[in-house]
Amino acid sequence: MSTVRTRFAPSPTGYMHIGGMRTALFNWLWARHNGGKFILRIDDTDRARNVEDALEPILEAFKWLGLDWDEGPEIGGDYGPYFQSERSDFYIEAVQKLLDAGLAYHDFDPPELVQQDREAAENEKRPFLNVRRSLELSDSEKKQYLEEGRPSVIRLLVDRSQKVSVDDHIRGHVEWDCGLIPDPVIMRGDQTPLYNFATVVDDAAMKITHVIRAEEHLTNTAVQVLIYQALGYDVPEFAHIPFVAAPGTKEKLSKRDKKIEKYKKNPQFKKLFDIADNVFPKLNLGSSVTLNPVMVAYYREAGFLPEAIINGLSRLGWSLDDKTENMSREFVIENFTLDRVVKASAGLDPDKLLSYQEHWMEQLSTDEKYDFCLPFLQRAGLVGEDFSAEQRDQIVRLIEASGDRLKLASDILAFDEFLVSDDSLTYDEKAFKKRLLKPERAVEILRDYRAVLADSNDFTAAALESEFKSWMEANNLGFGDIIHSLRVATTGKASGLGMFEALELLGRESSLARIDRAIEKAESEKSE
RNA sequence: GGCCCCAUCGUCUAGCGGCCUAGGACAUUGGAUUUUCAGUCCAGUAACACGGGUUCAAAUCCCGUUGGGGUCACCA
């Protein structure tokens with residue numbers, strides 16, 4: 001059996017679509033599962049400029065997720081070039097072959113005329129078939145037209161009496177009546193190929209064995225198979241996988257601005273947009289609109305783990321059995337098969353994605369979490385490029401103390417109170433009011449406890465807690481009488497780490513300074 | 001509208017004729033862990049779109065209906 005060769009052929013659009021990434025992943029998985037080759041080919045046929053800039057984010061997405069390619073940009077390969085804009089000769093040669101064999105023809109009808117034909121068909125409620133006027137031309141007329149440079153396109157001559165079919169790995173047997181298929185244009189007058197044609201020529205030249213792509217291409221397959229046959233090429237195997245739908249819908253996930261606005265209101269999707277709105281401004285990354293969950297880059301910037309995205313994408317439209325959910329990249333490679341791909345389209349599930357993220361985050365050691373989180377802290381300006389050993393230690397302790405609360409790497413940014421100076425700590429005003437201003441004795445109790453803290457000889461969480469409890473009992477107080485005001489006073493927030501972990505993390509000096517500052521603030525606001 | 005695809009809990013899915021009084025995960029609800037948040041543990045709610053067949057037997061096979069989606073370019 002020949003080596004399995006799969007490919008993904010993105011257009012350089014300036015971003016990587018999460019749905020496209022899933023398609024690429026399935027191609028990659030199938031190649032890796034079979035010990036085959038995964039090829040990246042760039043579909044830049046009609047936008048030659050700025051290809052490099054527009055391609056960069058796409059390659060970046062592949063690298064981030066660890067989907068390595070065996071042939072393609074940056075590395076080349078035996079079947080290059082891997083940019084379609086550089087493959088004109090192949091297309092011209094293939095077209096010439098079809099022309100010579102009488103399987104394709106020059107069509108001199110101007111686009112407007114074709115459009116008229118189309119409208120006429122629509123008005124008469126019959127399926128549109130292009131009118132083959134140019135086929136009626138005599139040889140001398142054709143020759144004359146060509147010589148005088150009359151504009152034309154080249155169409156494949158479809159045998160309208162035939163049927164064409166594929167046996168798709170996922171869809172099964174699918175058949176089309178060629179009598180309903182207009183002769184497709186395969187090359188424009190300027191000798192640039194059209195998608196369906198270029199794809200076939202390249203897939204054949206690159207010896208692609210399995211064309212795994214989204215279901216929306218199923219209809220294209222009829223024409224493509226016809227082209228394979230006309231060219232005398234072996235037809236590859238096809239697997240039309242379901243596309244990724246917007247959360248909670250069956251609609252194809254789209255990047256169009258209008259849709260993005262709609263997604264922001266989708267209750268399931270909203271969660272991801274909220275993360276962006278909360279985190280990206282801190283990182284100077286713009287908003288949830290310019291960098292949104294339809295793009296792979298969103299997940300990287302929001303602090304997802306590649307493992308979580310791979311896991312989530314793998315389970316979107318594919319499953320191993322009735323129970324396995326958490327799967328490593330290696331495990332999926334080992335077990336991925338096309339026959340277990342689901343047929344129905346699958347909506348992206350933000351909640352599930354987040355739960356995979358939690359799972360993979362749990363697997364990380366403190367050191368790994370530190371490496372993962374540090375860049376986020378630096379980009380948010382909470383830690384400088386150069387920092388002291390004490391700062392490093394503080395971050396490590398913060399990561400340990402935050403435990404499960406750290407789900408995304410960017411979650412660390414929510415604990416900024418442990419990284420800012422006592423003077424620049426900001427208070428959640430609502431919480432401050434509720435916990436320090438409103439309760440009659442809040443300030444008084446806080447002041448009492450401050451004295452206890454000042455005298456503590458062991459400033460560790462465990463010691464502080466037991467000391468706190470005996471003090472509380474001795475003074476006939478309940479947890480609720482002080483814990484909230486203490487939290488707001490020392491962290492500025494209504495919720496956060498375990499209270500005594502927080503105090504330990506801050507240390508005696510900061511804890512006392514912050515309590516003093518809060519008391520001062522409370523008193524001045526009370527007297528107003 | 002033509003052509004094509006699809007149809008199990010809210011979501012992602014298991015199920016490929018009897019093991020199904022339909023399983024798992026996420027979400028959700030209630031309870032426990034009596035400082036917040038998070039987590040953990042226990043328990044619960046929740047689905048075979050509908051109608052005909054075939055069969056001793058149908059979520060599973062066939063047909064139809066309905067619903068959803070994709071695609072109909074000298075875009076990719």
Side-chain angles (χ1 to χ4, degrees), chain A residues 9-11 13 43-47 84 107 109-111 114-115 118 121-122 125-128 151-155 168 170-172 174-177 180-182 184-190 192-196 198-199 214-222 240 242-243 245 247-252 267-268 312 315-326 339-340 342-356 358 362 402-407 411 414 431 435 465 468-469 472 478-484 486-488 491 493-500 502:
Chain A
S11 297
T13 50
D43 247 327
D44 58 346
T45 44
D46 69 346
R47 57 199 101 192
Q84 290 193 318
D107 182 359
D109 288 356
V114 178
Q115 186 52 34
R118 202 183 305 277
E122 203 169 311
K125 295 192 168 168
R126 63 179 158 79
F128 167 74
S152 69
V153 294
I154 296 166
R155 287 183 189 271
D168 191 272
I170 292 149
R171 307 288 141 192
V174 185
E175 198 170 74
W176 295 270
D177 181 352
L180 263 19
I181 302 176
V185 174
I186 56 177
M187 189 168 274
R188 300 185 187 88
D190 64 359
T192 57
L194 272 91
Y195 169 75
N196 275 328
T199 296
E215 172 186 9
E216 62 213 73
H217 286 283
L218 187 55
T219 316
N220 281 330
T221 310
H240 286 91
F243 50 78
T249 75
K250 297 287 178 205
E251 266 172 62
K252 195 167 71 167
Q268 297 175 68
R315 280 288 288 100
L316 211 54
W318 177 82
S319 71
L320 174 61
D321 53 28
D322 60 344
K323 51 178 78 70
T324 313
E325 291 287 346
N326 297 128
D339 63 327
R340 291 206 58 84
V342 173
K343 288 178 162 184
S345 59
L348 186 72
D349 188 341
D351 281 324
K352 201 115 189 196
L353 206 48
L354 253 4
S355 88
Y356 289 124
E358 280 182 52
E362 265 174 44
S402 40
D404 293 329
R405 295 173 184 80
L406 220 51
K407 296 189 170 77
D411 286 341
R435 302 301 188 184
E465 182 165 3
F468 177 87
K469 280 180 176 160
M472 200 176 73
F479 260 109
D481 293 326
I482 177 155
I483 212 83
H484 301 294
L486 179 60
R487 179 184 297 285
V488 174
T491 69
K493 292 171 185 169
S495 70
L497 307 183
M499 189 66 251
F500 304 100

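A, B, ... follow the sequence lines: proteins, then strands. Residue 1 opens every chain.
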Q | Along RNA chain B (nearest heavy atom to each residue), the more 5'-positioned of A:Lys323 and A:Ile483 | A | A:Lys323
Q. If only atom types and distance count, is the side chain of A:Thr491 paired as donor or acceptor with the main-chain N or O of A:Lys493 below 3.5 Å?
A. yes
Q: Please work out if A:Arg435 contacts a base, only the sugar-phosphate, or nothing of the nucleic acid, heavy-atom cut-off 4.0 Å.
A: nothing
**Q.** Distance in angstrom units between A:Asp322 CG and B:rC16 C1', rounded
**A.** 14 Å
Q) Do you know which two heavy atoms are closest between A:Leu316 and A:Gly347, and how far apart they sit? A) CD1-O, 3.5 Å
Q. In Å, rounded to the nearest 0.5 Å, how long is the span from CG of A:Asn196 to OG1 of A:Thr219?
A. 10.5 Å
Q | Closest to side chain of A:Arg340, choosing from B:rC3, B:rG69, B:rA14 | A | B:rA14
(Q) What contact category does A:Val174 fall into here, base, sugar-phosphate, or nothing, at under 4.0 angstrom with non-hydrogen atoms? (A) sugar-phosphate
**Q.** Euclidean distance for C1', B:rU29 against B:rU45 (whole angstrom)
**A.** 7 Å
Q. Taking the same atom, C1', in B:rA7 and in B:rA49, what whole-Å distance lies between them?
A. 7 Å
Q. Does A:Arg188 put a side-chain nitrogen or oxygen below 4.0 Å from OP1 or OP2 of B:rC75?
A. yes
Q: Choose from B:rG39, B:rU36, B:rU35 the nucleotide whose nearest atom is closest to any side-chain atom of A:Phe500.
A: B:rU35
(Q) Please identify which of these residues, A:Glu251, A:Lys250, A:His217, A:Glu216, meets the side-chain contact (heavy atoms from CB on, under 4.5 Å) condition with A:Phe243. (A) A:Glu216
Q. Hey, does A:Gly347 reach any base, or is it just sugar-phosphate, or nothing, if we go heavy atoms under 4.0 Å?
A. sugar-phosphate
Q.
Between the base of B:rC37 and the side chain of A:Arg405, is there a donor and acceptor pair under 3.5 angstrom?
A. yes
Q) Between the side chains of A:Thr192 and A:Arg188, is a donor N or O closer than 3.5 angstrom to an acceptor N or O? A) yes
Q. So what does A:Arg126 hit on the nucleic acid, given a heavy-atom distance under 4.0 Å: a base, only sugar-phosphate, or nothing?
A. nothing
Q: May I ask you to say what A:Val114 touches in the nucleic acid, namely base, sugar-phosphate or nothing, with a heavy-atom cut-off under 4.0 Å?
A: nothing
Q | Pair partner, B:rC20 [Watson-Crick or wobble, under 3.5 Å] | A | none
Q: Report the base-pairing partner of B:rG1 (Watson-Crick or G-U wobble, both distances below 3.5 angstrom), or none.
A: B:rC72
Q. Just checking A:Leu497: base, sugar-phosphate only, or nothing, at a heavy-atom cut-off of under 4.0 Å?
A. base
Q) Roughly how far apart, to the nearest Å, are B:rU13 and B:rA27 at atom C1'? A) 14 Å
(Q) Students often get this wrong, so: under 4.0 angstrom with heavy atoms, is A:Asp107 touching a base, only sugar-phosphate, or nothing? (A) nothing
Q: Pick the C1' atom in B:rC20 and in B:rU11, then give their distance to the nearest Å.
A: 22 Å
Q: Scan A:Pro110 against the nucleic acid and name what it touches under 4.0 Å (heavy atoms): base, sugar-phosphate only, or nothing.
A: base
**Q.** Separation of the P atoms in B:rG69 and B:rG15, to the nearest angstrom
**A.** 26 Å
Q.
How many whole angstroms separate atom CE of A:Met499 from atom P of B:rC37?
A. 15 Å
Q. Taking the side chain from A:Asp107 and the backbone from A:Arg155, do they hold a donor-acceptor pair closer than 3.5 Å?
A. no
**Q.** With A:Arg435, the side-chain contact (heavy atoms from CB on, under 4.5 Å) member among A:Ile482, A:Val488, A:Ile483
**A.** A:Val488
Q: Select base, sugar-phosphate, or nothing to describe what A:Phe243 touches, counting heavy atoms under 4.0 Å on all strands.
A: sugar-phosphate
Q) Of the candidate nucleotides B:rU11, B:rC74, B:rG70, which contains the atom at the shortest distance from the side chain of A:Asp349? A) B:rU11
Q | Pair of N/O donor and acceptor under 3.5 Å linking B:rG24 base with A:Glu325 side chain | A | yes
Q: For B:rA27, give its Watson-Crick or G-U wobble partner with both distances under 3.5 Å, or none.
A: none
(Q) For a quick test of reading the model, state the closest non-hydrogen atom pair linking A:Lys343 to A:Ile170 and the distance between them. (A) CE-O, 3.2 Å
Q) Within the structure shown, what part of the strands sits under 4.0 Å from A:Arg315 by heavy-atom distance: base, sugar-phosphate, or nothing? A) base
Q: Please name the pair of heavy atoms, one in A:Pro242 and one in A:Ser345, separated by the smallest distance, quoted to 0.1 Å.
A: CB-CA, 3.6 Å
Pairs: protein N or O with nucleotides 27-33 of chain B N or O, under 3.5 Å:
none

Q) Whole-Å distance between B:rA38 C1' and A:Leu354 CG? A) 13 Å
Q) Which base sits across from B:rA59 as a Watson-Crick or G-U pair, both distances under 3.5 Å? A) none
Q: Give A:His484 one of three labels, base, sugar-phosphate or nothing, depending on what nucleic acid heavy atoms sit under 4.0 Å from its own.
A: sugar-phosphate
Q) Once you round it to whole Å, what is the distance between P of B:rU13 and CG of A:Leu348? A) 11 Å
Q. Within the structure, does a side-chain N or O atom of A:Ser345 lie under 4.0 Å from either OP1 or OP2 of B:rC6?
A. no
Q. Hey, does the side-chain of A:Lys352 have a donor or acceptor N/O within less than 3.5 Å of a partner on the base of B:rC12?
A. yes
Q. C1' atom, B:rC9 versus B:rC26: distance in rounded Å?
A. 12 Å
Q. Is there a Watson-Crick or G-U wobble partner for B:rG39 with both distances under 3.5 Å, and which nucleotide is it?
A. B:rU33
(Q) With a 3.5 Å distance limit and no angle check, can you tell me whether A:Arg340 reaches the backbone of A:Ser319 through a side-chain donor-acceptor pair? (A) yes
**Q.** Carboxylate-amine/guanidinium contact A:Glu465 A:Lys469, below 4.0 Å
**A.** yes
Q. What's the CD1-P distance between A:Ile186 and B:rC74, to the nearest Å?
A. 13 Å
(Q) Go nucleotide by nucleotide along RNA chain B from the 5' end; which of A:Pro242 and A:Asp339 gets its closest nucleotide reached first? (A) A:Pro242
Q. How many Å lie between CD on A:Glu215 and C1' on B:rU71, as a whole number?
A. 10 Å
Q | Nearest-0.5 Å distance, CH2 of residue A:Trp176 to CG of residue A:Leu218 | A | 4.5 Å
Q | Nearest-Å distance for atom pair CG/C1', residues A:Leu320 and B:rC12 | A | 15 Å
Q) With a non-hydrogen cut-off below 4.0 angstrom, is A:Asp109 in contact with a base, only sugar-phosphate, or nothing? A) base
(Q) I'd like the C1' distance from B:rC37 over to B:rG44, given in whole Å. (A) 25 Å
Q: Write down the distance separating the P atoms in B:rA59 and B:rU21, rounded off to the nearest Å.
A: 9 Å
Q) Taking the side chain of A:Ser319 as its heavy atoms from C-beta onward, which of B:rG70, B:rU13, B:rA76 lies nearest to it? A) B:rU13
Q: For A:Lys407, report the nucleic acid contact type (base, sugar-phosphate, nothing); a contact means any heavy atom under 4.0 Å.
A: sugar-phosphate
Q: With a 3.5 angstrom cut-off on both distances, give the Watson-Crick or G-U wobble partner of B:rC50, or none if there isn't one.
A: B:rG64
Q | Nearest-neighbour nucleotide for the A:Phe479 side chain, B:rU35, B:rC5, B:rC74 considered | A | B:rU35
Q: Among B:rG2, B:rU36, B:rC4, find the nucleotide with the atom closest to the side chain of A:Pro127.
A: B:rG2
Q: Could you tell me whether A:Lys250 contacts a base, only the sugar-phosphate backbone, or nothing, with contacts defined as non-hydrogen atoms closer than 4.0 Å?
A: sugar-phosphate
